[in-house]
Amino acid sequence: MHLGQEITPNTFLQYTELKRIFIRNYYDCAPNRRVMEYPEFPNSEEYTPIQEILQGKAKDSVRIRGWIYRTRSSGKLAFVVVRDSTGIIQCTVSREKVEETDFANARKALIESSILLEGEPVKDDRAPGGWEIRASKFEVFHFAETFPITKDQSDEHLLNNRHLWLRSRNMVAALKIRSTVFKAFRDYWTELDFTEIQSPSFTTSACEGGSTLFNVSIDDENEKSGQKFYAHLSQSWQLYAEATMFGLENIFTLAPSFRAEKSRTRRHLTEFWHAEVESAWLHNHQMMNLEEGMIMHIISSVLSKNRAELEFLGRDISVLENIKAPFDKMKYEEVLDKLNSMGFDLVWGDDFGYKEEKALTQDLKTPLYITNFPKEKGFYHRPDPSDPKSLVCHDLLAPEGYGEIIGGGERVWSPDELVERIREEGLDPESYGWYLDIRKFGSVPHSGFGLGIDRTVSWLCGSDHIKHVIPFPRTMRRTTP
RNA sequence: GCCGCUGUAGCUCAGUAGGUCAGAGCAUCCGGCUGUUAACCGGACGGUCAUCGGUUCGAAUCCGAUCAGCGGCGCCA
């Protein structure tokens, strides 16, 4: 078989052979295995990540590829700062040391042009980063048009050009940290033998506040054929998790959730990434302990992998280093007293708004658990037998004013009690169908929680807005780019 | 659902007691500079002042509506 050969319905052998050829030609950079089909594809030579050069690990002569980050020139010397995914480095292109066309191109190429460059890495204090490359060859792979983002930036302009702003060092740093958080979450629960499962995004459950649901339907064409489709977008895997739990006992998910709230704040998105866990036979305080371990694991992962990114974002790393478990725990009632002693005027049943959360957390060094919220907070949480006006549940508030990142608790597991709670909330048990059904066949105590991943990343990055830590933020007023 | 704000050149903005008010810096283009740090010097290009309507002799400026976006509250993760 060879590349370009028509692919017929393949046997497994044919497929693996194709794959082998593909890998050899495109991804294997060993000197005796060169690209044959597409010689212009800049993958046949060895290229050095910029980070390695900045660390002084490079050889006498290096070859890099990347994008022009900044550029300025005089008649005989051009300074071209090049970035790749690992860093930026200044390259000097001297008229005397390269081909005439290379020098002309170096002067001409605009910001974000993609380039290939060969030269000698030199330690030089005049260069940002302490190292620069003295070019012997400068090749433009693609001349960029004028880049719309310049030094004058506004939030709105950066959001309108998010597809381009993703190249910025800020976004790159935040997204690397985000990736670490996702991985740390998965690793932690996988290590504890929890099973990752997926729940649907299309739902018809009426179980959550209807005012914040997105409706999904399709256009007329299918109506003609008599088909109809109508659903909501999921706000949480919660109900599905409780069903799935009976087979797997300990489960988690990582998925988007959708809230049609018209929230316009630094901690809200209409589409956010929801990390959720549900576990059979587990009590609230046990789940809280596991969550604490998870948060600590996430923090230590970020500290060990993303120090450079945290520094670039201007994060005070010592704040993260000083976070210690166990976290403080307060009952809702105690928090009420504390807030009132700080000048608030709250009575039992009042919610903590952002002002209250901020007052509570802005001077904290570690996250804070609040437990035993009033019964009105949710019908699916279990009332505390020792204090029936409150629930066996908890929120976790991030310090430094970031506020709630986790909400969770022990679920009502008795079918009769659940029906009673639903009625107390003025809801109709009839509309809960299968959710009540799953309680009828060997119900067990269980606990779970939801973690706002984007909020967590925002806190760890020290970001002033949640939209800075997700590639394409979605709000009620923005679905493009 | 509630409160507030913005819209003038590609970008960031100045300009309103209504009358040389179409302006600056950056970007781009042309020219100059051998060490710049989103450099510097000279020149050029660039706008129906968001849209529609009203008031007026005259509107970027005053009024109304519409559109788009931003910040915050409530709610939540």
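Bear in mind the structure is a predicted one, so any value in this text is a computation, not a measurement. Every chain is numbered from 1, with letters handed out A, B, ... down the list of sequences. Atom set for the values below is all heavy atoms of this structure, side chains included, hydrogens, waters and symmetry mates excluded.
Interface remark: the Gln90(A) side chain does form a donor-acceptor pair with the U36(B) base, using a distance-only criterion of under 3.5 Å. Residue Arg264(A) places no side-chain atom within donor-acceptor reach of the base of C2(B), judged by atom type and a 3.5 Å distance cut-off alone. With hydrogens and angles ignored, a donor-acceptor pair under 3.5 angstrom links the side chain of Glu132(A) to the base of G35(B). Side-chain atoms of Arg259(A) come within donor-acceptor range of the base of A77(B), with a qualifying N/O pair under 3.5 Å. For His268(A) against C76(B), a side-chain N or O and a base N or O form a donor-acceptor pair under 3.5 Å. Evaluation of atom-type donor-acceptor distances gives no pair under 3.5 Å for the side chain of Asp155(A) against the base of G71(B).
Within residues 354-374 of chain A, the residues having any heavy atom closer than 4.0 Å to RNA chain B are, in order of number, Tyr354(A).
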Indicate every side-chain donor-acceptor pair of residues 175-188 of chain A with a distance under 3.5 Å to a residue at least two apart or in another chain.
unit_1	atom_1	unit_2	atom_2	d
Lys176(A)	NZ	Ser85(A)	O	2.8
Arg178(A)	NH1	Asp454(A)	OD1	2.8
Arg178(A)	NH1	Val469(A)	O	3.0
Arg178(A)	NH2	Asp454(A)	OD1	3.1
Thr180(A)	OG1	Lys176(A)	O	3.2
Thr180(A)	OG1	Asn306(A)	OD1	2.6
Lys183(A)	NZ	Asp187(A)	OD2	2.6
Arg186(A)	NE	Glu196(A)	OE1	2.9
Arg186(A)	NE	Glu196(A)	OE2	3.1
Arg186(A)	NH2	Glu196(A)	OE2	2.8
Tyr188(A)	OH	Leu290(A)	O	2.7
Tyr188(A)	OH	Met294(A)	N	3.4

If you look only at distance, which donor and acceptor atoms sit under 3.5 Å apart when one is on a side chain in residues 138-145 of chain A and the other is two or more places apart or in another chain?
none

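Pairs of residues two or more places apart, or lying in two chains, never qualify as ring-ring contact (aromatic ring centres under 6.0 Å, His included) while including a residue from residues 65-118 of chain A.
Ile406(A) comes within 4.0 angstrom of the backbone, heavy atoms only, and of no base. Nucleic acid contact for Asp351(A): sugar-phosphate only, since backbone atoms but no base atoms lie under 4.0 Å from a heavy atom of the residue.
Considering only side-chain atoms of Glu96(A), the nucleotide from C75(B), C11(B), U34(B) that sits closest is U34(B). Distance from the side chain of Arg266(A) is smallest to G72(B) among C73(B), U12(B), G72(B).
Residues forming a side-chain hydrogen bond (donor to acceptor under 3.5 Å, both in side chains) with Asp102(A) (at least two apart in sequence, or on another chain): none.
Checked by atom type, the side-chain pair Asp384(A)/Asn372(A) shows a donor-acceptor distance below 3.5 Å.
Rounded to a whole Å, the CG atom of Asn161(A) is 14 Å from the C1' atom of U12(B).
Projected onto RNA chain B by closest heavy-atom contact, Ser263(A) and Arg70(A) fall at different nucleotides, the more 5' of which corresponds to Arg70(A).
Per the stacking criterion (ring centres < 5.5 Å, plane angle < 30°), Phe79(A) does not stack onto the base of G35(B).
In summary, Arg382(A) and Glu410(A) engage in a salt bridge, as defined by a charged side-chain N under 4.0 Å from a carboxylate O.
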Return the polar atom pairs (N/O with N/O) between nucleotides 27-33 of chain B and the protein under 3.5 Å, or none.
unit_1	atom_1	unit_2	atom_2	d
C33(B)	N4	Ser73(A)	O	3.1

